[in-house]
Amino acid sequence: MLNGYIDLRSDTVTQPTPEMRKAMYEAELGDDVFGDDPTVNRLEELSAAKMGKEAAVFVASGTMGNLTSLLTHCGRGDEVIVGSEAHIFRYEAGGSSALGGIAQFQIPNNADGTLPLDKVEAAIRGSDQHEPRTRLIAIENTHNRCGGTVLPPHYMREVRALADRRSLQVHLDGARVFNAAVALGVDVKELTQYVDSVTFCLSKGLSAPVGSVICGSKDFIARARRIRKQLGGGMRQAGVLAAAGIVALEKMIDRLAEDHANARRLAEGLADMPGFIVDLDRVQTNILFFELAPDVKVDAEVVTQRMFEQKVKLIGPGVHFRRFRAVTHAWVDRADIDHTLLAFRNAVRN
Ligand SMILES: *Cc1c(COP(=O)(O)O)cnc(C)c1O
């Protein structure tokens, strides 16, 4: 429950825990653009260590992390290979093209969030002067629009091998990479060892109020820091935010398993209920997609409204769609899931 509602719109709605608020209040601060904020420095060191990289830089959002990373990897006229369902392609306002002159080659994602590697290979450009220069492959783990699906380590390894063979870099949009690691039961480094750069979000399932971190080599992060400044993202006493991020990394990772169990419970409950279609194989972490069955006469907007009246917030899929997304997080417990299932039963009555 959050302000009297079960809010399943996203895990971004999570709020700082009491321990985070205390850490924010007590944080030692300095001017981070001068490198003087000890709390930001600690968050960056901790993040780099967790990801198995040399260095890290704190940024305002996941979008800024991806944008900064792409601008660091690619120059104007260079090309990044991305999935057609990627957050970078769909939901970042075309930032890398608008601000960096970076071309995007989109490849249809497989249903599980991977990119077919033969298609990736075929997309890599030659040296002909007509063509943009392929620089980067960007992958996403967990994959949001494919249902919070997990890309396994062996797939990540294959992407790395392909990139090495063709002299390309690999960026991981790891907004929810800790969900992937927890779902697999592996250290997150098992996944990040295969990429040159990774962005992860502190402000989603990990419940910090603001912020993401980019990790990579020392040289890459030094260049990314300059780009962050260009974008206006050099923050000053950012330690008030970083303090919450440190608590997020120390206390909030292991509990993501509860969110996964709750998403599973919700998905299984809906699958057992008339009126809903759920692909249970794709419910692997804290995200689930489901559809209204053809025999449900009420439209999705009405379902959204009826759920709201029963204290459950969902993003309405829009008048022409019947597919919903729900996301579990630390402010949704097992009892909330049971309430949500009852509410759904009521909401689809003709
Ligand atoms: C949420 C998200 C981001 C970044 O989102 P911000 O709201 O900018 O922090 C990036 N990639 C994926 C896959 C996401 O789900």
Side-chain angles (χ1 to χ4, degrees), residues 7-16 43 47 51 56-71 80 82-96 98-99 104 106 109-110 112-115 136-151 156 170-183 188 191-192 195 197-215 224 227-228 231-233 235 238 241-242 244-245 248 252 256 259-260 263 282 284-289 315 325-329:
D7 195 339
L8 300 174
R9 291 174 300 170
S10 177
D11 46 7
T12 56
V13 302
T14 48
Q15 299 207 353
L43 172 67
S47 300
M51 294 288 153
V57 60
F58 183 47
V59 291
S61 67
T63 299
M64 188 172 194
N66 285 331
L67 175 60
T68 304
S69 298
L70 263 60
L71 292 176
V80 55
V82 292
S84 57
E85 306 305 317
H87 194 279
I88 288 176
F89 171 49
R90 293 236 169 209
Y91 302 126
E92 300 189 2
S96 63
L99 302 174
Q104 293 190 357
Q106 297 109 26
N109 280 98
N110 293 320
D112 64 3
T114 58
L115 293 174
L136 180 67
I137 303 169
I139 49 180
E140 187 175 313
N141 198 5
T142 64
H143 200 290
N144 181 353
R145 248 182 90 86
C146 290
T149 47
V150 177
L151 280 53
M156 307 279 291
V170 182
H171 174 69
L172 173 61
D173 177 354
R176 297 188 183 84
V177 72
F178 286 111
N179 293 84
V182 166
V188 71
L191 300 168
T192 55
V195 302
S197 59
V198 51
T199 300
F200 68 89
C201 291
L202 296 164
S203 60
K204 292 190 167 163
L206 301 186
S207 301
V210 177
S212 289
V213 184
I214 309 169
C215 302
I227 304 275
R228 182 186 70 167
L231 294 172
M235 298 183 282
L241 300 173
M252 301 298 282
L256 293 173
D259 301 342
H260 300 175
R282 282 166 70 181
Q284 300 170 8
T285 57
N286 69 326
I287 297 178
L288 64 140
F289 283 89
I315 295 179
R325 187 187 79 158
V327 186
T328 58
H329 49 75

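Ligands are counted one by one from 1 in listed order, and the atoms in each one are counted from 1 as well.
Distances between N or O atoms of Asn144 and those of ligand 1 include at least one value under 3.5 Å.
Residue contacts with ligand 1 include Asn66, since one of its heavy atoms falls under 4.0 Å from the ligand. Heavy-atom separations between His143 and ligand 1 are all 4.0 Å or longer. Look at Lys204 and you'll find a heavy atom under 4.0 Å from some atom of ligand 1. Contact analysis leaves Met64 out of contact with ligand 1, as no non-hydrogen atom separation drops below 4.0 angstrom.
Between the Asn110 side chain and the Asp112 main chain, no donor and acceptor come within less than 3.5 Å of each other. Within the 3.5 Å criterion, the main-chain N or O of Ala60 finds no donor-acceptor partner in the side chain of Arg228. Remark: the backbone N or O of Asn109 is not paired with any side-chain donor or acceptor of Glu85 at under 3.5 angstrom. Thr192 places a side-chain N or O within donor-acceptor distance of the main-chain N or O of Met51, the cut-off being under 3.5 Å. Within the 3.5 Å criterion, the main-chain N or O of Cys146 finds a donor-acceptor partner in the side chain of Arg282. A donor-acceptor contact shorter than 3.5 Å is absent between the side chain of Arg176 and the backbone of Asn141.
Checking each of Arg145, His143, Glu140 against His87 for a side-chain contact (heavy atoms from CB on, under 4.5 Å) leaves exactly one that passes, namely Glu140.
Distance check on atom 7 (O) of ligand 1: every protein heavy atom falls at or beyond the 4.0 Å cut-off.
Each of the following atoms of ligand 1 lies closer than 4.0 Å to a heavy atom of Ser61: 8 (O), 9 (O). Listed by number with element, the atoms of ligand 1 under 4.0 Å from a non-hydrogen atom of Glu92 are 10 (C). Applying the 4.0 Å criterion to heavy atoms of Arg176 picks out, from ligand 1, the atoms 15 (O).
Atom 10 (C) of ligand 1 has as its closest protein heavy atom His87 ND1, 3.3 Å. For atom 13 (C) of ligand 1, the nearest non-hydrogen atom of the protein is Glu140 OE2, 3.1 Å. Closest protein heavy atom to atom 11 (N) of ligand 1: Asp173 OD2, 2.6 Å.
When the options Ser212, Gly62, Ala86 are ranked by their closest heavy atom to atom 9 (O) of ligand 1, first place goes to Gly62.
Side-chain atoms of Ser197 and His171 form a donor-acceptor pair, as typed in the model, at a separation below 3.5 Å.
Annotation: the span from Ile315 atom CD1 to Ser10 atom OG amounts to 6.5 Å, rounded to 0.5 Å.
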